[in-house]
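Read through the structure below, which is laid out as structure tokens, and then see the notes.
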Number of protein chains: 2
Amino acid sequence: MSDEASARVRLLWGPHPKPSRGPKPALSLDRIAQAGVGIADTEGLGAVSMQRVAGQLDFTKMSLYRYVPGKAELVALMVEAAIGEAPPRTGAGGDWRGQLGDWAHRLGEVFAQHPWLLDATVGPRLPGPRELTWMERALAALDGTGLTGAERMDALVLLVGHVRGIVAQSRAAGPAGEPEARFLAPLAELMRTHGADYPALTAAMASAAQPGGHDRALDFGLNRILDGLGALIAQRAG
Amino acid sequence: MSDEASARVRLLWGPHPKPSRGPKPALSLDRIAQAGVGIADTEGLGAVSMQRVAGQLDFTKMSLYRYVPGKAELVALMVEAAIGEAPPRTGAGGDWRGQLGDWAHRLGEVFAQHPWLLDATVGPRLPGPRELTWMERALAALDGTGLTGAERMDALVLLVGHVRGIVAQSRAAGPAGEPEARFLAPLAELMRTHGADYPALTAAMASAAQPGGHDRALDFGLNRILDGLGALIAQRAG
DNA sequence: CGAAAACTGTGTCCGATGGACACTGATGAT
DNA sequence: ATCATCAGTGTCCATCGGACACAGTTTTCG
């Protein structure tokens with residue numbers, strides 16, 4: 001109804017009526033989004049500002065406002081650009097477990113390649129077509145199981161929450177070389193001084209510093225979730 | 001090592017050596033944190049700025065910098081203040097399932113009361129003593145199960161990820177009255193126009209608009225997780 | 001063919017943000 | 001009594017997102 005809201009929807013969902021008169025646009029939504037993604041990939045979402053993105057494209061900050069209503073919408077475009085095409089349906093129709101596992105792994109890879117997606121997707125926002133396609137794929141994998149629609153949505157939220165949690169943890173551990181010393185070292189120092197107050201935590205961390213890393217953590221939670229879902233599905237079927 | 005990092009640790013973990021000479025401080029870390037929490041609770045984390053918090057306490061913005069190195073540290077204090085005391089150990093020592101379920105519910109309540117905690121706890125940061133105590137409680141519940149330390153950590157990440165996911169979803173749905181129309185209505189409109197491209201999603205959403213709400217969604221995922229953990233624990237024991 | 005309309009990109013301005021720094025006072029140890 | 005120490009203030013700055021008016025360019029219509 002409100003044209004501001006509908007403009008926001010149209011930006012992500014189209015249509016994009018191309019103007020007939022006037023000079024041809026020198027930029028495009030795609031180029032702008034890509035520039036933003038590039039900055040966010042290398043310097044984080046905090047480094048993405050209007051002037052920064054415009055500068056990357058050798059344009060003025062205000063030029064961008066001809067294409068994008070505001071920064072929130074720019075970030076939305078960046079999310080759609082970074083999330084990429086949803087993975088195609090894999091495996092047979094009945095193998096919901098394999099499909100969901102594969103889906104979660106691919107989602108984890110996307111988050112790993114664009115860690116700022118975590119920051120960009122907190123809070124209420126409007127999903128784009130690609131994001132909805134991702135959701136569609138996961139939900140379609142649960143077709144044929146006896147789960148209700150609400151349960152399928154809940155299972156999806158559960159999966160996404162887990163992947164996000166793993167990525168957040170892996171980002172805190174600092175795979176990008178040096179940040180490791182900025183958060184893991186102070187925490188290790190803390191455990192050395194206050195560790196006595198957290199016996200279970202110290203015990204768990206002592207044996208948690210294993211190889212395998214976050215892929216193992218992702219698979220651990222994933223297997224628990226899929227086991228739990230499997231139990232429910234089997235119960236519904238039997 | 002760096003005094004900037006150690007100052008950040010000392011802010012959350014103490015000690016706070018009180019100065020002998022000079023005028024007595026008119027403010028305190030606690031009052032500052034509480035003021036910030038109050039603002040964030042009513043207007044969101046975005047409304048929290050140095051001047052805003054200072055104004056709430058009838059002080060100048062720069063006064064706060066006598067107590068807090070910067071805004072990031074202020075937010076860290078707010079998180080510690082809002083997260084509250086960790087729940088005491090409940091139930092018997094062996095009832096890991098009941099304990100974890102209770103723990104997750106209490107964590108969900110904290111997030112529900114302070115939705116901005118979602119925004120404030122993205123990205124790498126230094127945990128405070130209360131936050132670590134929360135973690136300690138959950139890990140302690142898994143004592144006696146045959147899980148390794150790494151597995152217990154993974155289980156914790158899994159639980160937290162789920163609770164966060166549920167809170168994020170419930171915030172998007174908009175429990176606070178009017179925001180519902182700003183994100184659910186456009187999405188419903190989208191499903192009406194583009195719904196044909198997302199058959200599984202439309203089917204799931206159609207039956208998902210049930211009563212029960214997010215408590216049900218929280219319990220659904222929680223039960224799946226606990227079922228999955230139970231299967232692993234039983235396997236290790238047997 | 002010429003004029004008007006529509007559109008693009010730019011320059012300038014604004015309020016608010018986080019933060020640096022020098023300064024004035026107040027206080028307590030010596 | 002003196003003086004180092006510390007609290008709160010005032011001023012200044014770069015940067016942020018964004019509003020607005022303007023000049024230049026291109027297409028359509030009279």
Side-chain angles (χ1 to χ4, degrees), chain A residues 3-4 7-8 10-11 15-33 35-36 39-40 43-78 116 119-120 123 125, chain B residues 3-4 7-8 10-11 15-33 35-36 39-40 43-78 116 119-120 123 125:
Chain A
D3 59 346
E4 180 188 332
R8 208 155 36 194
R10 209 177 313 115
L11 190 74
H16 298 277
K18 70 171 190 177
S20 49
R21 277 185 276 205
K24 295 175 184 174
L27 283 173
S28 69
L29 289 178
D30 207 64
R31 282 190 63 199
I32 293 176
I39 296 174
E43 303 180 46
L45 191 62
V48 175
S49 74
M50 293 292 144
Q51 358 202 26
R52 195 84 167 63
V53 174
Q56 186 91 357
L57 299 164
D58 279 313
F59 275 80
T60 326
K61 169 186 63 162
M62 291 315 292
S63 318
L64 300 188
Y65 286 98
R66 289 278 164 200
Y67 301 81
V68 171
K71 191 187 180 180
E73 288 79 8
L74 187 153
V75 173
L77 283 178
M78 287 170 54
W116 51 271
D119 312 279
R125 65 208 168 69
Chain B
D3 58 346
E4 180 188 332
R8 208 156 35 192
R10 211 176 313 115
L11 191 74
H16 298 278
K18 70 171 189 178
S20 48
R21 278 185 275 203
K24 296 176 184 175
L27 283 173
S28 69
L29 290 179
D30 207 65
R31 282 190 64 199
I32 294 176
I39 295 174
E43 304 179 46
L45 191 61
V48 175
S49 74
M50 293 291 143
Q51 359 203 25
R52 194 84 167 64
V53 173
Q56 185 92 357
L57 299 163
D58 279 312
F59 275 80
T60 325
K61 169 186 64 162
M62 291 316 291
S63 317
L64 299 187
Y65 286 97
R66 289 277 163 201
Y67 300 81
V68 171
K71 191 186 180 181
E73 288 78 6
L74 187 154
V75 174
L77 284 177
M78 288 170 53
W116 51 271
D119 312 280
R125 65 207 168 71

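Order of the sequence lines fixes the chain letters, A, B, ..., with proteins taken first and strands second; residue numbering starts at 1 for each chain. Side-chain atoms are counted along with the backbone in the values below, which use heavy atoms only and exclude waters and symmetry mates.
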Here the distance between atom C1' of C:dT17 and atom CE of B:M50, to the nearest Å, is 10 Å
Looking at A:L27, is its backbone amide N or carbonyl O close enough to the side chain of A:Y67 to form a donor-acceptor pair, meaning the two atoms are under 3.5 Å apart? yes
### Query
Hey, is the side chain of B:Q51 poking within less than 4.0 Å of OP1 or OP2 on C:dT17, counting only N and O atoms?
yes
Of all heavy-atom pairs linking B:I39 and B:A47, the shortest is CG2-O, 3.7 Å
Rounded to whole Å, the CG-C1' distance (B:L74 to C:dG19) equals 14 Å
In whole angstroms, the gap separating P of C:dT8 from CG of A:L29 amounts to 11 Å
Rounded to whole Å, the CZ-C1' distance (B:R52 to C:dA16) equals 13 Å
Taken to the nearest whole Å, OH/A:Y67 to C1'/C:dC7 is 10 Å
Check your understanding: Are the side chain of A:S49 and the backbone of A:R52 linked by a donor-acceptor contact shorter than 3.5 Å?
Key -> yes
Rounded to whole Å, NE2 of A:H16 lies from P of C:dC7 at a distance of 16 Å
Between B:T60 and D:dG8, does any side-chain N or O lie under 4.0 Å from OP1 or OP2? no
_Base, sugar-phosphate or nothing for B:S49? Non-hydrogen atoms, less than 4.0 Å._
sugar-phosphate
Tightest non-hydrogen contact, residues A:A35 and A:Q56, listed as CB-CG, 4.1 Å
Interatomic distance, CG@A:L11 vs CG@A:L77, rounded to 0.5 Å, equals 4.5 Å
Scanning both residues in full, the closest heavy-atom pair of B:Y65 with B:M50 reads OH-CG, 3.5 Å
With sugar-phosphate taken as primed atoms, P, OP1 and OP2 and all else as base, the protein-contact string of nucleotides 20-30 of chain C at under 4.0 Å (heavy atoms; B, S, -) is BB---BBBS--
In whole angstroms, the gap separating P of D:dG18 from CD of A:E73 amounts to 8 Å
Interatomic distance, CG@B:L57 vs CD1@B:I32, rounded to 0.5 Å, equals 6.5 Å
A:L64 CG to C:dC7 P, in whole Å, measures 19 Å
